[in-house]
There are 2 protein chains.
Amino acid sequence: MRSGGGDGAVGDDRARGGRPGRGDVVAAAVRLFTEEGYEATTMDAVAAAAGVSRRSLFRNFGSKEDILFAEHDGLFATVERYLAAAPGDDPVATVRAAARMVFQGYVSAPEITVPRYRLVRAVPRLRDREIAMTARYQAAFSRYLARGETEGDRVLAGEAVAASVIAAHNHVLRSWLHAPDRPVPWARFDRAMEYVTASLGGVLREAGGGAGPASVLVAVYPSGLGGDDVLRRVRAALETAGPDAAGPAAGNEGTPEDGDW
Amino acid sequence: MRSGGGDGAVGDDRARGGRPGRGDVVAAAVRLFTEEGYEATTMDAVAAAAGVSRRSLFRNFGSKEDILFAEHDGLFATVERYLAAAPGDDPVATVRAAARMVFQGYVSAPEITVPRYRLVRAVPRLRDREIAMTARYQAAFSRYLARGETEGDRVLAGEAVAASVIAAHNHVLRSWLHAPDRPVPWARFDRAMEYVTASLGGVLREAGGGAGPASVLVAVYPSGLGGDDVLRRVRAALETAGPDAAGPAAGNEGTPEDGDW
DNA sequence: CGGAGAATGGCATCTAGTGTCACAGTAGAT
DNA sequence: ATCTACTGTGACACTAGATGCCATTCTCCG
């Protein structure tokens with residue numbers, strides 16, 4: 001790994017020589033939280049370790065927790081744009097693909113997600129925060145599956161599917177987080193998704209066959225983005241296979257490379 | 001409604017003339033939160049309105065949020081004891097009954113749950129807290145359904161069922177919270193439970209037929225409780241049909257009395 | 001009545017989070 | 001190249017949730 005960190009998939013805004021960027025701050029905070037404990041680490045300590053002022057910390061991250069969950073917002077925004085732009089012909093498959101994007105977002109930034117997972121398991125406050133994050137995804141899935149309706153079995157079915165998809169996602173994700181050095185269990189992920197959506201999704205699937213796991217590149221970007229930027233981000237996503245915090249990007253060549261089934 | 005409040009199903013520990021009990025404090029806090037907003041209400045204001053000192057507030061409730069979610073802990077403990085003592089012959093039915101207890105806990109204390117629902121929808125911090133609470137139930141359900149196993153399809157199936165049950169519970173609960181004056185939709189609740197567990201629960205159901213909705217009184221108490229206490233609590237539960245904050249109790253005569261199916 | 005134990009109140013203190021203002025770095029216009 | 005408008009940063013002050021400490025009060029029981 002490089003010396004000071006800050007060119008990974010964390011969020012590198014010119015962290016070369018000038019002021020420390022978001023990535024550096026997050027790295028310093030994660031280190032302090034891990035070494036000295038989350039509660040015991042004051043924001044002054046984080047500010048000092050990161051080389052910024054305490055005020056700038058709050059300005060750029062909002063709160064102490066948000067330092068750990070900063071990259072989540074970009075990923076969530078990407079997922080929401082994906083759902084908004086997705087065709088409605090096979091909603092369950094769309095949600096499954098969206099969950100795949102979330103999973104991809106986790107496994108492609110292990111420098112953050114792995115130590116954060118340890119912290120989340122230890123600190124109740126952070127655990128609640130993580131749960132609230134996944135609940136946001138679940139709510140987005142439910143909204144998409146409901147498609148305007150506000151009452152009836154359709155809504156209930158959508159919420160059940162969304163909950164099950166999130167549960168399956170978390171199930172596979174946890175198993176990976178326990179041993180992040182092993183290859184990413186894409187096969188197990190797809191199998192789990194298949195399992196939870198096979199039975200429950202019946203009500204929602206009105207057209208289009210089952211359609212196996214999608215192994216295509218999915219990229220969603222803000223509409224007001226220049227062509228060069230899009231090209232650059234797609235290339236970056238293909239190379240590093242990971243989204244950065246500043247700009248949303250999700251790249252993934254989803255060939256199952258797991259050997260356990 | 002009585003003058004000072006405090007004899008409902010909130011948690012009345014001798015709130016007659018002496019010091020204000022938990023129920024009075026919660027009632028005062030809910031009133032302030034509703035009238036002046038959650039963030040705008042300081043703990044000093046709550047302490048003054050409830051007639052206790054600020055220090056005692058924190059001592060008895062732990063935090064500002066916990067004032068709103070105080071009764072949840074008792075209900076959760078009851079559910080956990082119920083799961084621990086339940087026979088394992090039909091785990092899905094057991095979880096369904098546990099969800100019914102939770103639902104009962106909500107609908108039997110509308111003086112708290114209804115205004116809290118309004119607050120939860122408005123204040124993000126409280127929304128996260130509510131989500132974390134339901135996640136605790138979901139985790140308890142998953143643990144019960146996993147029954148020791150830590151890997152494999154059994155665990156995934158259990159987590160999916162737990163997530164779906166919670167989703168169905170929340171679905172019906174929300175619809176009731178929007179119009180709490182209408183009769184409690186027990187029929188819709190049972191139908192939703194039936195729906196989400198019919199397809200997914202197959203893996204987990206190994207014995208015992210479907211077994212329609214249980215319409216029996218379920219009461220779980222700590223083992224170190226005197227016979228008189230048990231009798232008194234059962235009677236109280238039967239009369240008020242609601243758990244109080246100090247002691248866990250869940251009463252419910254579950255005859256479907258809803259007219260919409 | 002009196003003492004033991006628990007609950008309460010008051011005080012000091014810590015820390016997350018916010019508002020405000022002065023200052024520095026930067027891009028664009030003349 | 002200089003002025004200017006804008007954006008980000010740092011420093012200070014302040015609010016409020018939360019905790020530790022200790023004296024006081026209340027309650028239960030012998």
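Letters A, B, ... mirror the listed sequences (proteins, then strands); counts begin at 1.
Put simply, the side chain of Arg59(A) and the base of dG19(C) share no donor and acceptor less than 3.5 Å apart.
Distance Phe61(A) CZ to dG8(D) C1': 14 Å, rounded to the nearest Å. Between the P atom of dT9(D) and the CG atom of Asp24(A) lies a distance of 13 Å, rounded to the nearest Å. When the C1' atom of dG20(D) is taken as reference, atom CZ of Arg55(B) falls 7 Å away, rounded to whole Å. Look at CG on Leu57(B): it is 14 Å from C1' on dA7(C), rounded to the nearest Å.
By the ring-ring contact (aromatic ring centres under 6.0 Å, His included) test, Tyr137(B) pairs with His72(B), Phe76(B), sequence neighbours left out. Taking Arg127(B) as the reference, nothing meets the salt bridge (charged side-chain N to carboxylate O under 4.0 Å, His left out) condition, with sequence neighbours excluded.
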TODO: Show the numbers, then the answer: is there a salt bridge (Lys or Arg N to Asp or Glu O under 4.0 Å) between Asp128(B) and Arg125(A)?
DONE: CA-CA 10 Å; Asp128(B) 290 358; Arg125(A) 183 191 302 261; over 6 Å; no
Hey, can you pull the donor-acceptor pairs under 3.5 Å for the side chains in residues 114-121 of chain A, sequence neighbours left out?
{"from": "Arg116(A)", "atom 1": "NH1", "to": "Leu68(A)", "atom 2": "O", "distance (Å)": "3.1"}
{"from": "Arg116(A)", "atom 1": "NH1", "to": "Glu71(A)", "atom 2": "OE2", "distance (Å)": "2.5"}
{"from": "Tyr117(A)", "atom 1": "OH", "to": "His178(A)", "atom 2": "NE2", "distance (Å)": "3.3"}

Scan the side chains in residues 168-176 of chain B for donor-acceptor partners under 3.5 Å anywhere in the protein, sequence neighbours excluded, and list what turns up.
{"from": "His169(B)", "atom 1": "NE2", "to": "Phe103(B)", "atom 2": "N", "distance (Å)": "3.4"}
{"from": "Asn170(B)", "atom 1": "ND2", "to": "Ile166(B)", "atom 2": "O", "distance (Å)": "3.4"}
{"from": "His171(B)", "atom 1": "ND1", "to": "Glu159(A)", "atom 2": "OE1", "distance (Å)": "3.0"}
{"from": "Arg174(B)", "atom 1": "NH2", "to": "Glu159(A)", "atom 2": "OE2", "distance (Å)": "3.0"}
{"from": "Ser175(B)", "atom 1": "OG", "to": "Val172(B)", "atom 2": "O", "distance (Å)": "2.7"}
{"from": "Ser175(B)", "atom 1": "OG", "to": "Arg188(B)", "atom 2": "NH1", "distance (Å)": "3.0"}

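Applying the side-chain hydrogen bond (donor to acceptor under 3.5 Å, both in side chains) test to pairs two or more places apart or on separate chains, those with a residue in residues 39-59 of chain A are Ser53(A)-Ser56(A).
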Are any protein N/O atoms closer than 3.5 Å to N/O atoms in nucleotides 14-17 of chain C? If there are, list each pair with its distance.
{"from": "dA16(C)", "atom 1": "OP1", "to": "Lys64(A)", "atom 2": "NZ", "distance (Å)": "3.3"}
{"from": "dA16(C)", "atom 1": "OP2", "to": "Met43(A)", "atom 2": "N", "distance (Å)": "3.2"}
{"from": "dG17(C)", "atom 1": "OP2", "to": "Lys64(A)", "atom 2": "N", "distance (Å)": "2.7"}
{"from": "dG17(C)", "atom 1": "N7", "to": "Arg54(A)", "atom 2": "NH2", "distance (Å)": "2.5"}
{"from": "dG17(C)", "atom 1": "O6", "to": "Arg54(A)", "atom 2": "NH2", "distance (Å)": "2.8"}

